[in-house]
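For reference, the structure discussed in these notes is given below.
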Amino acid sequence: MPLTAGRSKSIEQLRTISGTILCALHPLADDTEIAQTHALLSTVQNTRLLIFRFQVPEGLPKEDFILSESILTDEDSEQIDAFAFGVAQDWHTKIPTPHTAWNALEGVTDTELGWLVEYRLAEVLLQQAKFIATVRRAASHEKPSLLLMPAAWAGALEASLTAGSGCPATGLPAEDSPHTPRIFAESEIAGLRKSLREHLRQIVWLKRGRQQMFLHDSSFFRDAFKRNIEDRKVKVHGLTAFDVFGMINFVRRATWYNPDSRKHARFLARRWEDIQAEGVLEEAFTFQGVTLWGCMRPYIEDLYLSVYPTLIGQLGVRKILLEALRVNGSLMNTDCLLSKKLEILAARKQGISTLVVQHGLKGESNGERPIFADHAAVWGEAARDWHLGFGNDPTQVHITGNPKYDGINRPTEQLPSGPKEKILFAAQVAPLRSAYDAADEERHYAQTAVQVFRQFPDEKFVVKLHPRQSDAIEAYYHEACRDLPHVEITRETPIDQLLAEARLLITESSTVGFEAALLGVPILTVNLTRRADAHPFGRGGVAVSVRNESDWVCTLADLLSNRNATDALRARQADFIAKHLGPMDGKASERLFQLCLRLTSS
């Protein structure tokens with residue numbers, strides 16, 4: 001008798017199944033949930049568990065598990081990216097007729113909210129699509145008699161799996177993991193409501209002679225200029241504590257009773273009912289022939305009934321704030337975060353110019369349009385070309401150089417004369433785009449690095465921990481390297497000091513690579529994920545790139561012994577710097593300041 005999708009099977013029923021049983025756990029399942037499920041199914045013969053990890057949790061038999069990262073192919077990854085980012089980017093532009101499902105507020109307000117959430121929507125879709133692709137590939141390899149999985153996916157996958165391999169799908173015998181289906185966590189939405197005080201503190205006046213500019217969210221501007229702002233006779237004035245307190249009270253009074261928010265919330269609730277009745281989104285959420293609407297429905301419902309109403313209220317607060325303070329320019333270091341997008345949208349309503357300043361690498365679309373602000377200040381030609389490749393207006397993109405490097409005019413002449421003996425390993429914090437990335441990615445990277453250190457006992461390694469490195473990973477490095485006297489671990493030592501002593505930099509995708517290129521240090525990049533390289537170092541010819549653990553050791557050995565290889569990397573550094581960092585004439589701060597003045601005055 002065939003099993004029915006979505007109905008949990010008891011352990012007794014599972015024991016009657018002949019052949020292999022494959023159990024795919026929820027991508028967000030933690031080590032405790034994995035261990036509990038393994039214990040539950042340990043009495044059932046021929047059961048293997050599929051987990052979304054690089055490695056099996058300690059203490060569990062490896063032969064009972066299949067790792068997602070060992071069976072997912074590069075082609076799978078490319079298809080997942082194309083699907084998730086494509087749907088997310090179209091979320092606010094595809095409007096089915098005669099009704100509007102994609103733009104939540106069409107016909108009620110001219111506010112377009114779809115692009116405010118598309119990055120998080122892409123994260124959720126990445127999770128769903130990765131699960132589908134991995135389970136189908138595992139099923140094709142294992143050819144199980146029965147496939148167990150969280151009930152949310154069982155119904156979506158049963159038809160395609162049964163048709164392809166005769167393998168029925170059913171819900172797990174235990175209750176599914178309690179992973180709340182939300183695009184935004186409660187803490188993020190609550191944080192938007194509580195961020196007003198910090199929001200106000202970031203408003204500053206920038207003054208130079210008779211030229212005055214009133215900027216909002218300009219903390220990055222101050223950071224970028226902190227080394228030389230006095231030299232350029234630019235004065236920064238912030239709001240006083242009294243002004244902050246008074247403005248908070250003003251905004252509270254102005255928005256305490258907001259009939260527009262209530263009206264929009266009622267409209268969105270009705271709109272959600274219409275969307276379900278129309279059935280217009282099922283086709284959009286289809287991946288590899290599998291309809292994901294059943295899995296996506298809770299997320300989209302959360303958008304309409306919780307996230308969008310919250311954003312409308314927050315937009316109203318910001319519009320009142322900008323008008324009350326007469327802000328005439330808004331500068332920020334990113335335009336992809338939800339809070340920053342709200343700033344841009346509120347400024348747009350007030351006719352205020354917005355400028356986003358490059359602060360990191362440009363390589364992935366990350367599910368968002370490249371420029372939400374009116375203009376973008378980028379370091380060099382590489383970032384400008386990246387933006388133009390997405391069809392943005394060339395007049396939106398301005399090359400200024402990087403103010404951080406204004407103190408360095410000709411870096412190759414400033415190389416220290418001391419010995420360069422150490423290998424600098426710049427640790428990374430895993431991006432963890434929802435469950436698209438394995439939850440143990442960062443630990444796996446650290447464990448692999450320590451194994452590499454052990455292979456080179458005669459070399460001196462320095463592990464530079466990331467400023468946001470977790471305490472658990474830091475503790476792991478200290479414990480794992482306790483018997484490795486040739487490995488030093490530091491969090492506080494300045495990176496330029498470490499680079500001055502380095503003969504080689506190893507990193508996954510850190511912007512430390514730019515400093516290394518400036519100081520003539522060759523680079524080895526190691527990417528152990530299925531994601532494409534986000535950094536330009538390998539493509540730019542200043543780094544050797546490896547994609548797996550086995551190549552790491554042999555490539556490192558070659559770079560340490562082959563002077564020709566490292567000389568070839570150094571020979572390309574000057575062109576790389578010019579292309580990616582822009583003019584190195586010490587005037588990037590000046591160009592950025594003048595750009596701000598020009599945009600706000602116009």
Side-chain angles (χ1 to χ4, degrees), residues 53-56 58 62 67-74 77 419-430 437-438 440-466 469 473-474 476-490 498-499 501-510 512-513 516-517 521-535 537-570 572:
R53 292 288 191 278
F54 279 94
Q55 54 198 23
V56 177
E58 293 183 6
K62 292 180 172 54
L67 302 175
S68 64
E69 301 308 314
S70 66
I71 63 173
L72 200 67
T73 68
D74 291 338
S77 180
K420 299 171 75 67
E421 301 176 340
K422 298 180 180 180
I423 300 170
L424 176 59
F425 175 75
Q428 291 288 108
V429 175
D437 301 325
D440 63 340
E441 175 183 325
E442 192 172 333
R443 185 175 181 85
H444 172 70
Y445 195 74
Q447 290 176 337
T448 307
V450 172
Q451 293 172 6
V452 172
F453 301 158
R454 291 185 180 277
Q455 301 297 312
F456 297 88
D458 297 330
E459 300 292 343
K460 296 180 181 180
F461 290 88
V462 179
V463 177
K464 168 62 173 175
L465 298 172
H466 192 279
Q469 205 90 57
I473 296 297
E474 180 177 3
Y476 169 78
Y477 275 116
H478 283 287
E479 178 64 27
C481 298
R482 180 176 296 180
D483 62 338
L484 300 178
H486 65 296
V487 180
E488 174 189 349
I489 301 167
T490 180
L498 296 175
L499 284 170
E501 303 172 347
R503 58 186 293 203
L504 181 72
L505 168 70
I506 304 176
T507 182
E508 182 183 56
S509 58
S510 175
V512 173
V521 179
I523 305 167
L524 170 63
T525 62
V526 181
N527 182 354
L528 303 181
T529 73
R530 289 289 178 187
R531 296 187 306 271
D533 288 341
H535 56 75
F537 307 126
R539 297 189 299 273
V542 296
V544 175
S545 301
V546 298
R547 300 286 308 209
N548 56 66
E549 295 89 334
S550 60
D551 289 343
W552 190 341
V553 172
C554 60
T555 304
L556 176 58
D558 181 64
L559 285 174
L560 294 178
S561 61
N562 187 346
R563 179 67 180 269
N564 292 334
T566 53
D567 285 347
L569 296 178
R570 290 191 182 95
R572 291 186 283 267

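- Nearest heavy-atom pair across L505 and A426 is CD1-CB, 4.1 Å.
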Practice task
Run the numbers on I473 and L465 for side-chain contact (heavy atoms from CB on, under 4.5 Å), then give the verdict.
Solution key: CA-CA 9 Å; I473 296 297; L465 298 172; 5.5 Å; no
Exercise for the section: Mind running side-chain contact (heavy atoms from CB on, under 4.5 Å) on V544 and T525 for me, showing each step along the way? Expected result: CA-CA 6 Å; V544 175; T525 62; over 6 Å; no
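- For the salt bridge (Lys or Arg N to Asp or Glu O under 4.0 Å) with E459, the qualifying choice from R454, K422, R503 is R503, the only one to do so.
- Summarising the geometry, atom CG belonging to L524 is positioned 9.5 Å from atom CD1 belonging to I423; distances are rounded to the nearest 0.5 Å.
- Between atom CD1 of residue I489 and atom NE2 of residue H478 there is a gap of 5.0 Å, rounded to the nearest 0.5 Å.
- Among all heavy-atom pairs drawn from L504 and P522, the shortest one is CD1-O, 3.4 Å.
- With sequence neighbours left out, the side-chain hydrogen bond (donor to acceptor under 3.5 Å, both in side chains) criterion links T566 to no other residue.
- With hydrogens and angles ignored, the 3.5 Å screen pairs no side-chain donor or acceptor of Q451 with any backbone N or O of T448.
- We find the OG-CG distance between S509 and N527 to be 7.5 Å, quoted to the nearest 0.5 Å.
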Problem - Stepwise side-chain contact (heavy atoms from CB on, under 4.5 Å) check, F425 with V452 - result: CA-CA 11 Å; F425 175 75; V452 172; over 6 Å; no
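- One N or O on the side chain of R547 and one on the backbone of T529 form a donor-acceptor pair closer than 3.5 Å.
- Between E501 and K460 there is no salt bridge, since none of the side-chain N atoms of the basic residue sits less than 4.0 Å from a carboxylate O of the acidic one.
- For A565 against L559, the heavy-atom pair with the smallest separation is CB-CD2, 4.1 Å.
- A side-chain donor-acceptor contact under 3.5 Å links Q55 and Q447.
- Sorted by first and then second residue, the pairs that involve residues 555-564 and meet side chain to side chain donor-acceptor pair (under 3.5 Å), not counting sequence neighbours, are R563-D567.
- Distance check: N548 CG to L528 CG gives 8.0 Å after rounding to the nearest 0.5 Å.
- The shortest side-chain heavy-atom distance between F461 and L484 does not fall under the 4.5 Å cut-off.
- V526 and I506 make their closest contact through CG2-CG2, 4.1 Å (heavy atoms, listed as atom of the first residue, atom of the second, distance).
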Handout entry: Verdict with reasoning, C481 to V450, per side-chain contact (heavy atoms from CB on, under 4.5 Å)
Key = CA-CA 7 Å; C481 298; V450 172; 4.1 Å; yes
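- Separation of atoms CD (Q428) and CD (Q469) is listed at 8.5 Å; rounding is to 0.5 Å.
- Side-chain atoms of H535 come within 3.5 Å of backbone atoms of E508 as a donor-acceptor pair (strictly under, hydrogens ignored).
- For Y477 against A427, the heavy-atom pair with the smallest separation is OH-CB, 4.1 Å.
- If you take CD1 on I523 and CG on L424, they are separated by 10.5 Å, rounding to the nearest 0.5 Å.
- Using the six-membered ring where Trp is involved, F54 and H444 have ring planes that are parallel, under 30° apart on the 30 and 60° scheme.
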